[in-house]
Amino acid sequence: ELLNYNWADVDARQYMIDVYKYWIAAIGADGFRFDVYWGPFTRTNTPGGGESEMGQPVRQALKHLRPDIHILAEASGTGTGTERLYADYAGAGGPGGADAAYDWALKGTLQDVNLWNQSATTRVNNIDARLRNNSGTQGMGFMPGPNATFLRFLENHDEDRVAYVYGNGVDAATARARTMPVATAVNLAVGLPLVYAGQEVGRGYGLANFDQRRRGVVDFTDPAGQILMPHYQKLAQIKKQYPCFTTQSMVRGATDNSGVYAYTRPFTAQNGVVVANLDGAAHSVNVTLAASGSPAPLLGISDGVAYVATDLYNGNAAQSVTFTGGVATLGVNLAAYGSAVFVLDTVAHTLVLPSLTSVEEGKTDGTPDAFALHQNYPNPFNPVTVISYQLSGRAYVRLNVYDLLGRLVATLADGEQSAGHHIAEWDARARASGVYFCRLQAGASNRTIKMVLQR
């Protein structure tokens, strides 16, 4: 059962906004995933639904406090009508409050139990159609706007695990191997990719219980992680290091093998090319690279220039590519369910992979790296405000409040405290309106913030 919270009530709305603001102040939250965002969007008192009751006021308040905060809406974010969810939509019913929303339709395609029973051609075409949002051309279909995006994923905690879905009639190694080219295609396509916990060790195969598969404790020591973790790390690092994989441009590519999927990520002077073998046999394929068309598969390309195609995925192997009449051929050798990811430039490139680790060496307890005193919240306030601070090590702490004349008016902490995040509350109902200063001293470190009591 889902609570039908009344966002039309001004006081109820402000209460929830204050809760969200608290978490920004208390722990420095840099984003929120709003569960069941579709609820207030569709149940709003505004005829036909809309964002005026929740999406817009929540966004305005949070962005005012932290402009870089990311707002993810759990709602369908692709297709006609969904554009009203996004903050950069200027049409009727908008703008919305979200920076990103979900691509549920893609999930439906990827989790089809018959996906690997289809012909190679059908499988490639179906995945491509969803990744390009059913575009009638070789380029992208529905896009929410230049500053918005949609979340794309193979699985999440509400859905089944793809290693289980892809494992019908095959062994564990094959089931998990099948996830790899699909992950390549999804993670480097247009959108914001999600790798759900356990996906990087192929969780799901052989687990009969649905809830155990999707939400059970993950064994990250599973040997499958030795293959899958480096795969996902490469995809994440490629997306981080090369801007062509973060744009909203994507064009279907042509290959001479129906089981191999290819697309380009056009970007002036540094184009991206993604090749994924969605077949269980190894293939040597030719990918046709074109510098003309609508939309253009590649940008900034000139005939006769010696370009270098660097395979970032496979050890930065490079090959020379020269265009004639705006066309060139890229030869690719792919293992069964293999991937290749190229960047096309006039020089060779190197993908820089950091050490694959989950925690900073020598630091496993989650304690803060630095001493800090955060701005109180709310501010201005009446009559109670919350002050949060962090200690990187155990220290004797004094947290005092002073008035404009420098007189001590309250002591909120005085004693030894452990490393970590701490919160103090000041009830100023006995004080007059005005400006006050809160000073934190811990050992040799000190910080001061200004607070405004406004009645």
Side-chain angles (χ1 to χ4, degrees), residues 1-108 133 140-153 156-159 190-194 196 246 248 375 377-380:
E1 297 269 340
L2 300 174
L3 173 67
N4 190 5
Y5 197 79
N6 185 11
W7 284 93
D9 184 277
V10 175
D11 294 325
R13 178 193 306 157
Q14 188 59 50
Y15 182 89
M16 288 307 301
I17 289 175
D18 286 344
V19 171
Y20 305 144
K21 285 184 172 180
Y22 166 80
W23 287 112
I24 297 175
I27 65 169
D30 60 2
F32 287 100
R33 174 195 179 275
F34 285 97
D35 195 57
V36 200
Y37 189 100
W38 53 264
F41 177 78
T42 57
R43 297 171 180 170
T44 179
N45 294 288
T46 305
E51 290 282 77
S52 61
E53 292 178 8
M54 178 199 163
Q56 292 173 5
V58 167
R59 181 183 182 84
Q60 182 178 18
L62 300 189
K63 290 286 184 176
H64 180 75
L65 187 62
R66 180 165 184 167
D68 66 338
I69 200 164
H70 189 79
I71 298 175
L72 168 63
E74 191 205 16
S76 180
T78 56
T80 303
T82 66
E83 62 268 21
R84 295 162 55 208
L85 291 165
Y86 297 103
D88 60 0
Y89 177 64
D99 296 306
Y102 283 69
D103 186 356
W104 296 118
L106 174 65
K107 178 268 299 181
N133 293 328
M140 289 298 297
F142 170 84
M143 289 301 302
N147 304 306
T149 188
F150 31 79
L151 185 72
R152 317 192 93 161
F153 54 97
N156 71 6
H157 68 271
D158 286 330
E159 313 302 330
V190 174
L192 181 66
L194 162 73
Y196 183 56
T246 58
Q248 291 185 325
Q375 186 63 50
Y377 178 79
N379 189 44

* Asked: Can you say whether the rings of Tyr102 and Phe153 are parallel (under 30°), tilted (30 to 60°) or perpendicular (over 60°)?
  -> perpendicular

* State, to 0.1 Å, how close Pro57 and Ser52 come at their nearest heavy-atom pair, and which atoms those are. => CD-O, 3.3 Å

* **Shortest non-hydrogen separation from Ala75 to Trp104 and the atoms involved** => C-NE1, 3.5 Å

* **Side-chain heavy-atom pair Pro95, Gln56 within 4.5 angstrom cut-off** => yes

* **Asn156 to Asp158 - nearest heavy-atom pair and separation** => OD1-N, 2.9 Å

* Asked: Do Gln248 side-chain atoms and Pro144 backbone N/O form a donor-acceptor pair below 3.5 Å?
  -> no

* Asked: Can you tell me how far CZ of Phe34 sits from CE of Met16, rounded to the nearest 0.5 angstrom?
  -> 8.0 Å

* **The single option from Ile71, Leu65, Val58, Ile69 passing side chain to side chain contact (heavy atoms under 4.5 Å, CB included) against Tyr20** => Val58

* Walk me through it: do Arg152 and Leu194 pass the test side chain to side chain contact (heavy atoms under 4.5 Å, CB included)? => CA-CA 6 Å; Arg152 317 192 93 161; Leu194 162 73; over 6 Å; no

* **CD/Gln60: more than 12 non-hydrogen atoms of other groups inside 6.0 Å** => no

* Over 12 non-hydrogen atoms of neighbours within 6.0 angstrom of NE2 in His64 -> no

* Asked: Is Trp38 close to Glu74 at the side-chain level, that is, under 4.5 Å between some pair of heavy atoms?
  -> yes

* Judged by atom type as modelled, is there a donor-acceptor pair below 3.5 Å linking the side chain of Arg66 to the main-chain atoms of Gly31? -> no

* **Contact summary for Leu192 and Thr149, nearest pair of heavy atoms** => N-OG1, 3.5 Å

* Asked: What closest approach, in Å, do Tyr377 and Ile17 show between heavy atoms, and which atom pair accounts for it?
  -> OH-O, 4.3 Å

* Asked: Taking atom OG1 of Thr78 and atom CG of Asp103, what is their separation to the nearest 0.5 Å?
  -> 4.0 Å

* Looking at CZ of Phe32 and CG of Asp99, how far apart are the two atoms once the value is rounded to the nearest 0.5 Å? -> 12.5 Å

* Asked: With sequence neighbours excluded, what pairs up with Asp88 under the side-chain contact (heavy atoms from CB on, under 4.5 Å) test?
  -> Tyr86, Pro146, Asn147, Ala148

* To do: Report the C-alpha distance between Met54 and Phe41 in whole Å, list the side-chain angles of each, state the deciding distance to 0.1 Å, and finish with yes or no for side chain to side chain contact (heavy atoms under 4.5 Å, CB included).
  => CA-CA 8 Å; Met54 178 199 163; Phe41 177 78; over 6 Å; no

* Asked: CG of Asn133 to CE of Met140: how many Å apart, nearest 0.5 Å?
  -> 4.5 Å

* Asked: Going through the checks in order, is the side chain to side chain contact (heavy atoms under 4.5 Å, CB included) test met by Arg43 and Trp7?
  -> CA-CA 10 Å; Arg43 297 171 180 170; Trp7 284 93; over 6 Å; no

* Can you tell me if Glu51 uses its side chain to pair, donor with acceptor, with the backbone of Gly97 under 3.5 Å? -> yes

* What closest approach, in Å, do Val190 and Phe150 show between heavy atoms, and which atom pair accounts for it? -> O-CE1, 3.6 Å

* **Under-4.0 Å salt bridge between Arg13 and Glu53** => no

* To do: Would you please indicate yes or no on a ring centroid separation below 6.0 angstrom for Tyr5 and Tyr15?
  => no

